[in-house]
Novice: 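Mind having a look at this structure? Questions to follow.
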Amino acid sequence: MGCCFSNDPPKPKRPQDKDILGRRDDVVCTDPICCVVFVLFLVGMIGLSIYAYINGDIRRVTNSYDCYGNVCGKAFNVKLFPDNPNSGLNTSDKPNVYHTYSEFWKYSRSICVSKCPNKLMTTYGDVKQFAIETKSKLCDYNIPVDKIDSKNHAEGLTKEQYYKSPCPILPVEPQIKLLGFCIRKNISQIVLKSKFNEIGGINQIKPLFESIVRDFILTWKEILILSAGSLVLSFIMVMLIRYLASAVVYVILVLTIVVSIGLTIFLWLCYCTQENVLNQQFAQQIKFLMGDVFNTRSFFYMAIGATIITIILLLIIIVMWKRILVVTHLFREASRCLGQIPCLLLQPIITLIVLAIYFFYWFFTFGFLMSVGTVNETSGFEINNRTGCVKYLTATFPKFVWIYYVAGLVWITEFILAGQQIIIAGTVAQWYFLKKKTQTGKSTTTCPVFKSTMRFLFQHSGSVAFGSLIITMIRLPRWFLMYLSKKLKSGPAGESTMILQCCTRMCVGCLYCVEKCLKYLNKNAYAVIAIEGSSFCPAAQRAFALLLSNFLRVAALNSVGDFILLLGKVCVCFASAGASVIVFMRRDDLYFYPIPVLVVAVIAFFFAHCILSLYETILDVLLICYCVEEESGIAMDATDASGNLIRSESHANLKKNLIIANNTLNRASGHQENKTPETEVLA
């Protein structure tokens, strides 16, 4: 096990010290202490989850509860008020919460209903007819359906007293179900353009939220389809890199330029069209929905953003044109690796599935934790003195419990992502150092992805836990400082507050830079761990030494390669955003369709990042493998059954491509090419 404070520099590993990829008989588990700590942490997370499942009721969060403490959609409710017949009811057939005054929930009575009102009701006769047709009564539980008459139940009541009305306040607007709540379907507020800033800024927050939620409900199928399309586009981009490695740089550059310029022009045309329509309506004094103004402004801001991004990308491409062509040779070598090990394409998908399962578990358990609390007649809930309605009290956990739970989200997420990196690194390193087939025709290794996964789980899980823990210890303080900065910004103004806010922002920026540097160092350290089987600290030291000794080569090639992959991600994101604009603009029933467009764009970029980062990791590992071989002197030649030398093809091709790339870089920088006998032979 390595020591972070060792004074001895890491020694180069020789062939007689150990075999490649850390395959020694005495290698059991690197960083075992970190492995034990991580397992104990997982046990604590599981114990906390079991406690939440036993003592919590997530239906209080998902289904909520009525004015009498009955959880909607639950068969057996605790009778909080022994003298009240409405307490402790069986609401299994009433899963939705309905507020009798939908304009202001805090002034209304909440009851459980089986179906939300789906039409406009202007009289209590309509309410009675709705109850007869749908078996969903919108009045209090103790009022029979035949007693719902034309009497105005809100007569003589002020807005603050509407909670006393056993039936809904008229008119009853059409509503839809959202997470167990009945919310208004239509927004009745219509404003003129000149009044938008005055009215829409504060008073329309609730209608704006309801409209956005409604749009998501109406477009979730299209969002899923477009997101799946972005995933397909990401795989198409990978296939282009795989089969058109020699021309992939040109293809990505052309696609990025065409898509970015096309999307920018399209957004400006949409903005001009929307603006002309609004100007005509304003000139004719025609009223329009607030969503029309929001959509027009959104197109304006999106067009400006797309224009800025397009200009920046074009300038970078023009400046780095010659250097960009360097990575063609490296992409060709990465494509050879991916072509011989196609199972690597499944690794990002598996990681996405594992992350999705863990996020579902985390948020599901979080819902149970939020609903933990002992409920009886004297504790676990409080009664609103104004309305007489029940409000459940959640259990008060110590702050360290919530910190522990949030740390679990970050640490385990980073562990999963780091596991993907070390699995890919081990597979690529095994392919790089793979000896050629012997005369028997049998390969020296099979199932490299499976073997790399087993080494990660049973040998290097402690090192991965150590590296992900370091990232967690940096990210949590950064999140806390971001929260503190937000609180200072919303607090009272003053000179001391401004100084504190400035200091917190500086600390956040510094921690962000440190986190990015450590993540890059960790990624290369995982590659060294996969190659040499060392612990995390010696591997990090060795990776830092390799990066430092090959700084110019690694910086030039990595930066250009990452930029090309970034262009591929931007291309997928912009293409998905343009397709979503075309799809959602045709929907007349949407209020704020730029919001779903933004969601599709974010999801598309996330998918593209997860898929294309596979190539990014392969390129980084190939460079580390080459540097390790050059500095450590690991034998790259194997012998067949007759004792004849067999040159490793992967090493020879990569070395040739690196030499060509370096010469291309020198020509782009105006330096003289490095012509050596070895260069001429390999070329």
Side-chain angles (χ1 to χ4, degrees), residues 208-209 211-238 240 252-274 291-314 316-317 348-349 352 355-356 359 562-587 589-616:
L208 176 63
F209 173 75
S211 299
I212 293 175
V213 171
R214 174 186 173 277
D215 289 346
F216 276 121
I217 294 175
L218 294 175
T219 60
W220 67 270
K221 292 182 180 179
E222 288 84 351
I223 291 176
L224 288 180
I225 294 174
L226 290 168
S227 300
S230 66
L231 188 62
V232 173
L233 285 178
S234 301
F235 274 107
I236 291 176
M237 191 68 66
V238 171
L240 288 176
I252 293 180
L253 289 177
V254 171
L255 286 177
T256 304
I257 294 173
V258 172
V259 171
S260 59
I261 294 178
L263 180 63
T264 302
I265 296 174
F266 178 68
L267 289 176
W268 279 114
L269 290 176
C270 291
Y271 165 71
C272 294
T273 303
Q274 293 280 357
D292 296 334
V293 182
F294 180 84
N295 293 336
T296 304
R297 290 191 171 186
S298 298
F299 273 120
F300 177 71
Y301 294 134
M302 287 192 298
I304 291 179
T307 303
I308 295 175
I309 294 175
T310 300
I311 292 175
I312 293 175
L313 290 179
L314 291 178
I316 295 177
I317 291 173
I349 302 299
L352 284 176
L355 283 176
F359 288 157
D562 293 346
F563 177 70
I564 291 297
L565 293 175
L566 176 63
L567 292 181
K569 300 171 189 177
V570 171
C571 184
V572 173
C573 178
F574 277 15
S576 301
S580 61
V581 170
I582 296 174
V583 171
F584 294 136
M585 278 189 65
R586 300 178 179 179
R587 297 283 298 270
D589 55 343
L590 299 181
Y591 285 103
F592 307 114
Y593 56 81
I595 302 297
V597 170
L598 180 62
V599 172
V600 171
V602 172
I603 294 176
F605 187 84
F606 175 74
F607 282 163
H609 173 73
C610 293
I611 302 301
L612 292 179
S613 62
L614 174 64
Y615 260 96
E616 182 180 342

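None of the values given here were measured: they were computed from a predicted structure.
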Novice: Determine whether Phe574 and Leu255 satisfy the following criterion, side-chain contact (heavy atoms from CB on, under 4.5 Å), listing intermediate values before the conclusion.
Specialist: CA-CA 10 Å; Phe574 277 15; Leu255 286 177; over 6 Å; no
Novice: Could you tell me the separation between the SG atom of Cys270 and the CD1 atom of Ile265, rounded to the nearest 0.5 Å?
Specialist: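 Interatomic distance, Cys270 SG to Ile265 CD1, rounded to 0.5 Å: 12.0 Å.
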Novice: Closest approach of Leu267 and Met302, non-hydrogen atoms and distance?
Specialist: CD1-O, 3.6 Å
Novice: Out of curiosity, Leu612 CG to Ser234 OG, how far, rounded to the nearest 0.5 Å?
Specialist: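 It comes to 6.0 Å.
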Novice: Go through the steps to decide whether Phe299 and Thr273 satisfy the test side-chain contact (heavy atoms from CB on, under 4.5 Å), and finish with yes or no.
Specialist: CA-CA 10 Å; Phe299 273 120; Thr273 303; over 6 Å; no
Novice: May I ask you to test the Leu566-Asp562 pair for a side-chain heavy-atom distance under 4.5 Å?
Specialist: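 Leu566 vs Asp562: side chains apart.
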Novice: Measuring only between side-chain heavy atoms, which start at C-beta, is Leu231 closer than 4.5 Å to Phe235?
Specialist: yes
Novice: Identify the two heavy atoms, one from Ile252 and one from Gly568, that lie closest to each other, and give their separation to 0.1 Å.
Specialist: CG2-N, 3.8 Å
Novice: Evaluate the side-chain contact (heavy atoms from CB on, under 4.5 Å) criterion for residues Leu226 and Phe584: first the C-alpha distance (whole Å), next the side-chain angles of each, then the deciding distance (0.1 Å), finally the verdict.
Specialist: CA-CA 11 Å; Leu226 290 168; Phe584 294 136; 4.0 Å; yes
Novice: Side-chain contact, heavy-atom cut-off 4.5 Å: Ile349 with Ile611?
Specialist: yes
Novice: Tell me the closest heavy-atom pair linking Ala604 and Cys573, and the distance in Å.
Specialist: CB-CA, 4.2 Å
Novice: Which distance, rounded to the nearest 0.5 Å, do you find between the SG of Cys610 and the CZ of Phe605?
Specialist: 10.0 Å
Novice: Kindly indicate, with the supporting measurements, whether the criterion side-chain contact (heavy atoms from CB on, under 4.5 Å) is fulfilled by Leu565 and His609.
Specialist: CA-CA 9 Å; Leu565 293 175; His609 173 73; over 6 Å; no
Novice: When rounded to the nearest 0.5 angstrom, what distance separates CZ in Phe606 from OG in Ser230?
Specialist: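 With rounding to 0.5 Å, CZ (Phe606) is 10.5 Å from OG (Ser230).
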Novice: Looking only at side-chain N and O atoms, does Thr310 offer a donor or acceptor that is under 3.5 Å from a partner on Thr264?
Specialist: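 Thr264 vs Thr310: donor-acceptor pair found between side chains.
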Novice: If we only count heavy atoms from C-beta on, is the Pro596 to Glu222 side-chain gap below 4.5 Å?
Specialist: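 When only atoms from C-beta onward are counted, Glu222 and Pro596 do not touch, as no gap falls below 4.5 Å.
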Novice: With the side chain counted from C-beta on, respond yes when Ile304 and Trp268 share a heavy-atom pair under 4.5 Å apart, and no when they do not.
Specialist: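 Counting from C-beta outward, Ile304 and Trp268 do come under 4.5 Å.
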Novice: Is the Tyr271 ring parallel, tilted or perpendicular to the Phe300 ring (thresholds 30°, 60°)?
Specialist: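 Judged by the thresholds at 30° and 60°, the geometry between Tyr271 and Phe300 is tilted.
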Novice: What pair of heavy atoms forms the shortest contact from Leu263 to Gly578, and how long is it?
Specialist: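 Leu263 and Gly578 have their closest heavy atoms at CD1-CA, 3.8 Å.
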Novice: Specify the closest pair of heavy atoms between Ala575 and Val259, including all atoms of both residues, with the distance to one decimal.
Specialist: N-CG1, 3.7 Å
Novice: Contact between Leu567 and Ile317 at the side-chain level, heavy atoms closer than 4.5 Å - yes or no?
Specialist: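 Yes. Closest side-chain heavy atoms under 4.5 Å.
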Novice: Are any of the side-chain heavy atoms of Val232 and Phe607 separated by less than 4.5 Å?
Specialist: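 In short, these two side chains do not touch, never coming nearer than 4.5 Å.
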Novice: In Å, rounded to the nearest 0.5 Å, how long is the span from CD1 of Ile564 to OG1 of Thr256?
Specialist: 8.0 Å
Novice: Test Ser580 against every option in Ile603, Leu598, Val597 by the side chain to side chain contact (heavy atoms under 4.5 Å, CB included) rule and name the one that passes.
Specialist: Val597
Novice: Taking C-beta and beyond as the side chain, do Leu233 and Ser576 meet within less than 4.5 Å on heavy atoms?
Specialist: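 Answer yes - side chains close enough.
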